[in-house]
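Just below is one structure, and these are the notes that go with it.
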2 protein chains.
Amino acid sequence: MIDKNSPLPIYYQIQEWIRKKMDDGEWEPGDMLPSERIFAEQFNISRMTVRQAITELVNEGLLRREKGKGTFVAEKKLEQPLQGLTSFTEDMKARGFQPGNKLYEFRVTPPSRDVADALNMKKTDSVYELERVRLADNKPMALEMTSIHAGVVTNLSKDIAQSSLYNYIEQTLGLTIGHASQTLESALAGEKEAELLQIEAGDPILWISRKTHLQDGTPFEYVRSAYRGDRYKFSIHLPRSTRRH
Amino acid sequence: MIDKNSPLPIYYQIQEWIRKKMDDGEWEPGDMLPSERIFAEQFNISRMTVRQAITELVNEGLLRREKGKGTFVAEKKLEQPLQGLTSFTEDMKARGFQPGNKLYEFRVTPPSRDVADALNMKKTDSVYELERVRLADNKPMALEMTSIHAGVVTNLSKDIAQSSLYNYIEQTLGLTIGHASQTLESALAGEKEAELLQIEAGDPILWISRKTHLQDGTPFEYVRSAYRGDRYKFSIHLPRSTRRH
DNA sequence: CATGTTAATTGGTATAGACAACTATATATT
DNA sequence: AATATATAGTTGTCTATACCAATTAACATG
């Protein structure tokens, strides 16, 4: 069950084991887990290692600890957890839609004022830009404009940019992706959006922009998306606050 | 500096000490912290305790670890961090607005279908309901409808509901607040919203609903807000993903 | 000068144990 | 019957130590 000689850390193996119990429905929300000591004894590992595994799951909101009582399976989160970065494809699958993609523009160009600002670059630098319509069950869901810092993400091809950008950055370029920040706002569709999304000008649009950084803080991607207001809800889960007031 | 006999845990004292260094600007983004071993030696505590302190700050996104290199102060987050629960008041202050509040309805009533669903209650139970216009610099920013489970949050007064609900729940009732989930969507203002927000029907509105739970998962609060699309942007920070794909 | 090697330093993982603080239950005591 | 009191079980905090893996800089070698 647990392989001490595996290259995978023991605490990670424990995490997966616990996750599986929950995914399989063997452990249900409200159930109490075996105590940490029993865990440690059963797997013949240290209690601190058990704690490390459990602590991460608590931070993700999957488990809940109560001093003096025990550790419990948390109530199920509603809709999409959507903490952490999720791609449009994953997002749509989680919502039960068939994701699709219609690229109508791919170019290398100097950045516009907004993009240069967001990606912290000079006007003489270059960005890769993609424009596409995102589909859900073959009907337009969003219009998406992506700008990628060409000085950071080098030798990018159209195919890779479309399908596996993050993989390329981490696996091929050996960079590590860090945090992202998103802003959402409500607006009305203009002529361009209306046409591409097959709605009427004046219909509601949810604008989502995302800026993604490397681990060292360098911004490398800026995405502006216009989602159809009648088809899309954005969900977010806020874990209990650990901050002081 | 660190008091081993304090009722506050040592790891917490270390956290505060580090936070202060950053707040004071003594440590700036990109700076490297003393190594964990040096920390431990300096404060005469165990390295594992230092790690506990640092790990939480890393999870909050304030620090960044790199194996073999060190631990660094993370780049500053942009705009509102807004992870964790933030009140309208705090939100507006952070944006440089003067927050205001015009309550025009406070009642105890059986829940509507939607509210009963959201708060997981019977139609014969009771909820406290508040309706108010939220102001920023004395101009309407949002319309807010709050429903509070009267069986969980007992003996609520109009004043408390308006000003310090969360404090009341935790301090007076002795309950612990847990996670919340929010959804955002774009829509057009109807007659009612238009009038109260001093905009035109058909103008863009950002609908935000929040459901807040106790630590044991019981939902106790359901809030639906209509924000003026021309005045409000919602920002969110996504820490690096710890999830598998 | 370029290249490979070594050593030192860093965070990552794991151990075995200790005591504190909190909770629930059983057991006396009044 | 109600109320203390012990006690066993839980998570929370902390120690001291060990070895692993990644990075960096100094050094030796070609």
Side-chain angles (χ1 to χ4, degrees), chain A residues 1-18 30-59 62-74 170 174-176 178 214-216 240 242, chain B residues 1-18 30-59 62-74 174-176 178 215-216 240 242:
Chain A
M1 209 125 56
I2 298 299
D3 177 6
K4 289 207 180 189
N5 297 319
S6 162
L8 295 169
I10 295 175
Y11 78 88
Y12 182 81
Q13 295 180 47
I14 300 281
Q15 268 179 30
E16 292 301 298
W17 188 83
I18 295 175
D31 286 359
M32 181 173 156
L33 268 67
S35 82
E36 296 172 353
R37 283 183 173 80
I38 291 182
F39 249 123
E41 195 182 327
Q42 206 126 60
F43 289 111
N44 195 28
I45 57 178
S46 162
R47 185 182 153 219
M48 289 305 288
T49 303
V50 176
R51 279 186 68 78
Q52 186 175 3
I54 291 178
T55 297
E56 283 196 19
L57 296 175
V58 170
N59 287 339
L62 296 173
L63 299 178
R64 165 173 56 87
R65 277 191 170 125
E66 290 186 44
K67 192 196 305 196
K69 295 171 96 171
T71 304
F72 304 85
V73 178
E170 296 215 295
L175 303 170
T176 307
L214 297 179
Q215 194 172 34
D216 69 0
R240 83 180 181 297
T242 57
Chain B
M1 210 124 58
I2 298 299
D3 177 5
K4 289 207 182 188
N5 297 319
S6 162
L8 295 170
I10 295 175
Y11 78 88
Y12 182 81
Q13 296 180 47
I14 300 280
Q15 269 179 29
E16 292 300 300
W17 188 84
I18 294 175
D31 286 359
M32 180 173 157
L33 269 66
S35 81
E36 297 173 352
R37 287 177 176 81
I38 290 181
F39 249 124
E41 195 183 328
Q42 206 125 61
F43 288 112
N44 196 29
I45 56 178
S46 164
R47 184 182 156 218
M48 290 305 287
T49 304
V50 175
R51 279 185 67 77
Q52 187 176 2
I54 291 178
T55 299
E56 283 196 20
L57 296 175
V58 169
N59 286 339
L62 296 172
L63 300 178
R64 166 172 54 88
R65 276 190 172 124
E66 290 187 45
K67 197 198 301 198
K69 296 170 98 170
T71 303
F72 305 85
V73 179
L175 303 171
T176 307
Q215 193 171 34
D216 69 359
R240 84 180 183 298
T242 56

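Throughout, protein chains are lettered first and strands after them, A, B, ... in sequence-line order, and every chain is numbered starting at 1.
- A:Ile10 places its CD1 atom 13 Å from the C1' atom of D:dC20, with the value rounded to the nearest Å.
- Comparing D:dC19, D:dT13, C:dA24 by their closest approach to the side chain of B:Arg47 singles out D:dC19.
- The shortest side-chain heavy-atom distance between A:Ile45 and A:Lys4 falls under the 4.5 Å cut-off.
- Residue A:Lys4 places no side-chain N or O under 4.0 Å from the OP1 or OP2 atom of D:dC20.
- Residues B:Trp17 and B:Tyr12 have side chains not in contact (no heavy-atom distance under 4.5 Å, counting atoms from C-beta outward).
- Nearest nucleotide to the A:Arg37 side chain, out of D:dT15, C:dC19, C:dT15: C:dC19.
- By the 4.5 Å heavy-atom criterion applied to side chains, A:Arg64 and A:Thr71 are not counted as neighbours.
- Between A:Arg51 and D:dT11 there is no side-chain N or O to OP1 or OP2 distance below 4.0 Å.
- With rounding to whole Å, A:Phe39 atom CZ is found 17 Å from C:dA14 atom C1'.
- The phosphate of C:dG12 has neither OP1 nor OP2 within less than 4.0 Å of any side-chain N or O from B:Lys69.
- Per the geometry, CE belonging to B:Met48 stands 11 Å off P belonging to C:dG12, to the nearest Å.
- For B:Gln52 and C:dT13, the CD to P distance is 16 Å, given to the nearest whole Å.
- Applying the side chain to side chain donor-acceptor pair (under 3.5 Å) test to pairs two or more places apart or on separate chains, those with a residue in residues 38-50 of chain A are A:Glu36-A:Arg47.
- Per the geometry, CZ belonging to B:Phe72 stands 11 Å off P belonging to D:dT23, to the nearest Å.
- The separation between B:Leu33 atom CG and C:dT9 atom P is 19 Å, rounded to whole Å.
- Position along DNA chain C of the nearest nucleotide to B:Gly70 versus A:Gly68 favours B:Gly70 as the more 5'-ward residue.
- For the pair A:Phe43 and A:Ile14, the minimum side-chain heavy-atom distance is below 4.5 Å.
- Atom NZ of A:Lys67 is separated from atom C1' of C:dA20 by 8 Å (rounded to the nearest Å).
- Distances shown here put every side-chain N or O of A:Thr49 at or beyond 4.0 Å from the OP1 or OP2 atom of C:dT13.
- Not one side-chain nitrogen or oxygen of A:Ser35 sits closer than 4.0 Å to the OP1 or OP2 atom of D:dG9.
- Here the P atom of nucleotide D:dA21 and the OH atom of A:Tyr12 are 18 Å apart, to the nearest Å.
- Considering only the side chain of A:Tyr11, C:dT13 comes nearest among D:dC14, D:dG12, C:dT13.
- Of the candidates C:dT13, D:dA16, C:dA21, D:dA16 carries the atom nearest the B:Ser46 side chain, counting heavy atoms from C-beta on.
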